[in-house]
Amino acid sequence: MRSFLAPQTIKPPSSPTPSSPISPLCCLSTSILAASTNKNHLIQSLCKRGNLQQALQALSQEPNPTQRTYELLILSCTDRNSLSDGVRVHRRISDDGSDQDPFLATKLINMYSEMDSVEDARKVFDEIRHRTIYVWNALFRALTLAGEGLEVLDLYRQMNMSGTQSDRFTYTFVLKACVASEELVELLNKGKEIHAHILRHGFETHVHIMTTLVDMYAKFGRVAHAAHVFDEMPVRNVVSWSAMISCYAKNGKHFEALELFQETMLAKTESFPNSVTMVSVLQACAALAALDQGKLVHGYILRRGLDSILPVISSLVTMYGRCGKLEQGQRVFDQMKERDVVAWNSLISMYGVHGFGNKAIQVFEEMINSGVNPSPISFISVLGACSHAGLVEEGKMLFNSMVKDHGMYPTAEHYACMVDFLGRANRLDEAAKIIQEMRIEPGPLVWGALLGSCRIHCNVDLAERASRRLFELEPTNAGNYVLLADIYAQAGMYREVKRVKKFLKSRCLQKVPGRSWIEVKRKLHSFTSVDEFNPHKEQLHALLFKLSSEMKEKGYVPQTDVVLYDLADEDKERIVLGHSEKLAVAFGLINTSHGEPIRITKNLRLCEDCHLFTKLISKFAEKEILVRDVNRYHHFQNGVCSCGDYW
DNA sequence: ATAGGGTTAG
């Protein structure tokens with residue numbers, strides 16, 4: 001490597017640059033002459049002013065660019081996102097032997113990484129002999145961003161063997177690498193190993209590293225591990241809090257997310273939530289349909305002046321949508337000064353889950369007309385809307401336009417939407433054909449959509465085919481087995497039902513218990529059908545029994561096919577009457593005032609009997625009831641449901 | 001000597 005202190009080349013006086021005519025003085029001292037031809041300062045200031053082309057021009061006239069000059073050139077190329085110019089600068093650096101400078105190598109790796117050219121970053125790394133920890137870290141970061149987590153972990157092992165010590169940055173990069181890869185399960189152990197390194201090297205007090213650890217366990221779904229790390233942290237900042245709240249919100253622990261936010265972070269610490277915190281909190285409110293909590297959070301957002309931040313507003317739209325408050329969601333959206341594709345997507349899927357398919361399509365078109373390009377998620381949202389509203393032809397057209405007009409490749413989710421709305425419309429052959437002709441391997445999402453449709457139309461043959469694939473793809477997902485058993489039960493094939501249930505038991509697999517929530521006077525109440533300790537249980541059962549008897553006189557026939565046990569009819573009736581959703585309805589009838597709608601959330605799909613029961617209640621009790629199940633909204637009013645019995 | 005890291009929208 002050439003020293004940067006090497007004597008500078010002196011240009012012969014016979015070839016002066018035109019802009020600097022030689023004065024007699026210059027000939028007296030070589031150093032003065034060198035200074036007058038030195039373009040380093042010029043290049044640097046051109047870079048700072050963003051004038052990359054002129055800087056490159058000047059570079060060609062400068063025989064001895066300094067390290068700082070190269071650094072600014074690299075940064076300037078990165079800013080411009082100009083790969084060709086970056087390569088030019090890189091070549092020049094190699095030409096004068098500076099490519100063995102670890103500082104510049106680090107900068108080059110970062111540059112290539114920013115330009116999504118991880119192969120070039122890797123080349124820089126491979127060619128440099130003296131690898132400082134900065135060089136290693138830069139490559140780790142580049143590979144992680146490119147999703148090459150496994151490669152990072154392999155290099156990390158090599159680095160440890162070469163005797164180079166990790167620093168505090170290394171740990172955050174390799175922890176992220178553990179989750180930046182498809183092979184999540186295997187890498188959990190790798191992450192735990194790194195966790196041990198971190199403790200061994202005394203970094204357990206380091207906020208950045210420990211927060212990354214929390215996030216890593218969160219992404220592996222290891223909530224207890226994440227909470228343990230978080231609890232042990234001696235110092236936490238707003239990012240740590242946000243990471244832990246997000247961990248709960250993303251892993252289905254919505255109550256815990258709200259509790260940590262309200263009862264711990266706000267009440268007991270000096271940490272101020274920021275926009276990122278609010279996004280996770282709103283997500284939890286949305287998931288629980290906790291409208292009162294959501295409104296409080298909205299108020300808080302306004303007071304803290306976070307209401308102009310795009311992700312926050314999108315989350316607000318989603319929260320109001322998922323709480324059944326479409327007008328509020330629309331209002332929040334209308335007040336936005338600028339709208340990005342995520343905000344539009346929030347609005348589209350808000351109308352979608354409520355069954356307003358045409359409105360969702362209209363919003364989708366408005367988005368395009370306003371000059372915002374649809375993202376793959378826009379299509380998932382609008383196709384999902386078509387599904388919920390039974391808009392088969394519209395859905396097919398949108399799907400085709402995604403490929404033709406927007407040049408997008410459909411993902412498994414897009415195909416699953418297609419299969420879903422074709423299947424629901426009892427066009428099962430067409431749905432099966434879509435699966436056959438997919439340009440990617442059909443995954444569990446797609447087969448699951450087909451199986452769901454088979455359940456609606458009670459198609460045992462196709463259901464067996466779909467479930468065979470599903471059992472191969474996700475052998476431990478109890479939901480698939482239950483769905484098949486459900487179909488057998490509908491078809492009266494109880495021996496098959498028994499077989500499936502026996503199989504479930506032999507594998508120690510359990511169906512997710514049904515759970516319903518209702519928010520009354522700012523407090524969330526949760527119900528399951530098996531909870532013996534619920535203080536309201538007796539009262540609710542008595543009320544349900546009374547209602548059921550009254551409605552039976554008016555023609556209600558309990559839909560007991562959903563019960564997977566071969567029992568006497570009256571036992572089946574007792575079971576469906578104890579479903580969590582009915583308990584929540586009963587609780588709502590007792591605890592809401594006249595004219596106030598009941599709003600319920602459920603973690604599974606609504607069963608036939610609960611659907612029928614709720615429809616009738618909405619008529620006989622003259623009560624508006626909103627139920628959000630795992631897929632969509634049901635708006636019950638005067639004996640009718642907004643889904644048109646099609647869900 | 002210099003450089004760089006964690007939480008976010010369907």
Side-chain angles (χ1 to χ4, degrees), chain A residues 4 66-68 70-71 74-75 101-111 113-114 132-142 144-145 166-177 179 203 206-216 218-219 226 229-230 233 236-250 271 273-283 286-287 306 309-319 321-322 333 336 339-353 360 374-385 413 417:
Chain A
F4 300 106
T66 63
Q67 189 191 42
R68 174 70 178 155
Y70 280 135
E71 183 194 5
I74 293 168
L75 291 176
D101 175 2
F103 178 84
L104 289 180
T106 305
K107 294 288 174 189
L108 282 169
I109 291 172
N110 288 338
M111 176 189 81
S113 166
E114 290 288 319
T132 62
I133 190 65
Y134 285 96
V135 176
W136 285 100
N137 288 347
L139 187 71
F140 290 162
R141 176 170 173 269
T144 301
L145 286 174
S166 299
D167 69 1
R168 62 215 158 96
F169 293 95
T170 316
Y171 292 119
T172 57
F173 293 134
V174 292
L175 285 175
K176 269 183 105 66
V179 283
F203 283 105
H206 201 289
V207 188
H208 267 85
I209 296 176
M210 297 324 262
T211 303
T212 316
L213 253 177
V214 169
D215 188 53
M216 180 198 73
K219 298 223 160 93
V229 175
F230 181 78
M233 283 175 74
R236 303 183 191 103
N237 61 22
V238 58
V239 185
S240 328
W241 285 99
S242 305
M244 193 61 222
I245 292 169
S246 151
C247 170
Y248 283 133
K250 283 258 155 71
S271 279
N274 62 15
S275 66
V276 183
T277 326
M278 301 324 292
V279 168
S280 289
V281 172
L282 285 171
Q283 225 174 51
L306 300 170
I309 295 168
L310 280 174
V312 174
I313 309 177
S314 294
S315 312
L316 273 171
V317 173
T318 301
M319 185 276 290
R322 310 246 302 155
F333 180 86
M336 294 178 80
R339 289 153 188 169
D340 63 353
V341 65
V342 181
W344 284 101
N345 292 348
S346 307
L347 198 68
I348 293 167
S349 74
M350 175 179 92
Y351 285 115
V353 292
S375 69
I377 291 172
S378 315
F379 280 101
I380 292 171
S381 307
V382 76
L383 290 173
E413 283 182 272
C417 288

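Proteins get letters first, then strands, A, B, ... in listed order; numbering begins at 1 in each.
Side-chain N/O atoms of A:Q283 include one lying less than 4.0 angstrom from OP1 or OP2 on B:dA9. Dashed line: the shortest gap from a side-chain N or O of A:K250 to OP1 or OP2 of B:dG10 is not under 4.0 Å. Between B:dG5 and A:R141, a contact under 4.0 Å exists linking OP1 or OP2 to a side-chain N or O. Dashed line: the shortest gap from a side-chain N or O of A:K176 to OP1 or OP2 of B:dT7 is under 4.0 Å.
Put simply, CG on A:D167 is 14 Å from P on B:dT2, counting in whole angstrom units. With rounding to whole Å, A:W136 atom CH2 is found 22 Å from B:dA3 atom P. For the pair A:F203 CZ and B:dG6 C1', the interatomic distance rounds to 15 Å; values are reported in whole Å. A:I377 has its CD1 atom 13 Å from the C1' atom of B:dT8, to the nearest Å. Summarising the geometry, the separation between CH2 on A:W344 and C1' on B:dA9 is reported as 16 Å, rounded to the nearest angstrom. Atom CG of A:D215 and atom P of B:dG6 are 10 Å apart (whole Å).
Proximity note for A:S246 (side chain, C-beta onward) versus B:dG10, B:dA3, B:dT8: the nearest is B:dT8. Comparing B:dG10, B:dT7, B:dG5 against the side chain of A:A243 picks out B:dT7 as the nearest. Of the candidates B:dA9, B:dT7, B:dG6, B:dG6 carries the atom nearest the A:T211 side chain, counting heavy atoms from C-beta on. Side-chain atoms of A:N345 lie closest to B:dG10 of the nucleotides B:dT7, B:dT8, B:dG10. Among the nucleotides B:dA3, B:dA9, B:dG5, the one closest to any side-chain atom of A:F173 is B:dG5. Out of B:dG5, B:dT7, B:dG10, the shortest distance to the side chain of A:V239 is found at B:dT7.
Stacking is found between A:F103 and the pyrimidine-like six-membered ring of the B:dT2 base under the 5.5 Å centre-distance and 30° plane-angle cut-offs. B:dA3 has A:Y134 stacked on its base ring, the centres lying under 5.5 angstrom apart and the planes within 30 degrees of parallel.
Looking at heavy-atom distances under 4.0 Å, A:T212 makes contact with sugar-phosphate atoms alone, never a base. Heavy atoms of A:I309 sit nowhere under 4.0 angstrom from any nucleic acid atom. Counting any heavy atom pair closer than 4.0 Å across all strands shown, A:S240 reaches a base atom. Across all strands shown, A:V279 has heavy atoms under 4.0 Å from sugar-phosphate atoms exclusively, and none from any base.
Judged by the 6.0 Å and 45° rule, A:R236 forms a cation-pi pair with A:F230.
Contact record, A:G321 with A:M350: CA-CG, 3.5 Å, taken as the closest heavy-atom pair.
Residues passing the ring-ring contact (aromatic ring centres under 6.0 Å, His included) test with A:F333 are A:W344, sequence neighbours excluded. Scored by the side-chain hydrogen bond (donor to acceptor under 3.5 Å, both in side chains) test, A:S349 finds no partners at all (sequence neighbours excluded). Legend: residues meeting side-chain hydrogen bond (donor to acceptor under 3.5 Å, both in side chains) with A:R68, ordered by chain and number and at least two apart, are A:E71. Among residues two or more places apart in sequence or in another chain, the side chain to side chain contact (heavy atoms under 4.5 Å, CB included) test is passed with A:T318 by A:R322, A:S346. By the side-chain hydrogen bond (donor to acceptor under 3.5 Å, both in side chains) test, A:S240 pairs with A:T211, A:N237, sequence neighbours left out.
Here A:W136 and A:F173 keep their ring centres 6.0 angstrom or further from each other.
Within a heavy-atom distance below 4.0 Å of DNA chain B, the residues of residues 310-318 of chain A found are A:P311, A:S315, A:T318.
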